[in-house]
Amino acid sequence: MEVPMSLNHSPETQSKLIARVPDITGRALPEWFQALDNGPSFLRCDERANWLADEHGLTHGYAAAIVHEHERQRRHHF
């Protein structure tokens, strides 16, 4: 049985993961945010992270970091 990874990284880990996203994935954060916006409308963050990882071949750590950052930025814009 696979244990789901927590979406709650420490702030330091989150910052490091987000800083590396463009180099590791070859895509900038706005592109990932657009993929999330255009993807399935899952309500739960873990479902969105799983979809992002499965659909785009990301590790769950990076997928979770992207989803977390997307949620954080959406909260600040509304």
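As a basis for the values below, the full set of heavy atoms in this structure was taken, side chains included, without hydrogen atoms, waters or symmetry mates.
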Visitor: Quick one: closest heavy-atom pair of Ala65 and Ile18, and the distance?
Guide: O-CD1, 3.4 Å
Visitor: Heavy-atom distance under 4.5 Å between the side chains of Arg27 and Pro22, does that happen here?
Guide: no
Visitor: Would you name the heavy atoms of Arg48 and Leu36 that are closest together and state the gap between them?
Guide: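 Taking every non-hydrogen atom into account, NH2-CB, 3.8 Å.
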Visitor: Are Glu31 and Thr25 close enough, and set up right, to give a side-chain contact (heavy atoms from CB on, under 4.5 Å), and what steps lead you there?
Guide: CA-CA 11 Å; Glu31 293 179 66; Thr25 68; over 6 Å; no
Visitor: Taking C-beta and beyond as the side chain, do Leu58 and Ile24 meet within less than 4.5 Å on heavy atoms?
Guide: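 Answer no - side chains too far apart.
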Visitor: Using the ring of each side chain (for Trp, its six-membered ring), is His56 parallel, tilted or perpendicular to Trp51, with breaks at 30° and 60°?
Guide: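 Correct class here is perpendicular.
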Visitor: When you look at CD of Gln34, are more than 12 heavy atoms from neighbouring residues, nucleotides or ligands closer to it than 6.0 Å?
Guide: no
Visitor: To the nearest 0.5 Å, what is the distance between OG (Ser41) and CD (Glu47)?
Guide: 10.0 Å
Visitor: Closest approach of Ala49 and Ala63, non-hydrogen atoms and distance?
Guide: O-CB, 3.3 Å
Visitor: Any chance you could lay out the side-chain contact (heavy atoms from CB on, under 4.5 Å) test for Cys45 and His68, step after step, and finish with the verdict?
Guide: CA-CA 8 Å; Cys45 288; His68 180 76; over 6 Å; no
Visitor: Is there a side-chain contact between Phe33 and Ile66 in this structure, where contact means two heavy atoms from C-beta onward sitting under 4.5 Å apart?
Guide: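 Contact flag for Phe33/Ile66 side chains = yes.
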Visitor: Contact between Glu69 and Trp32 at the side-chain level, heavy atoms closer than 4.5 Å - yes or no?
Guide: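 Of all side-chain heavy-atom pairs linking Trp32 with Glu69, none is under 4.5 Å.
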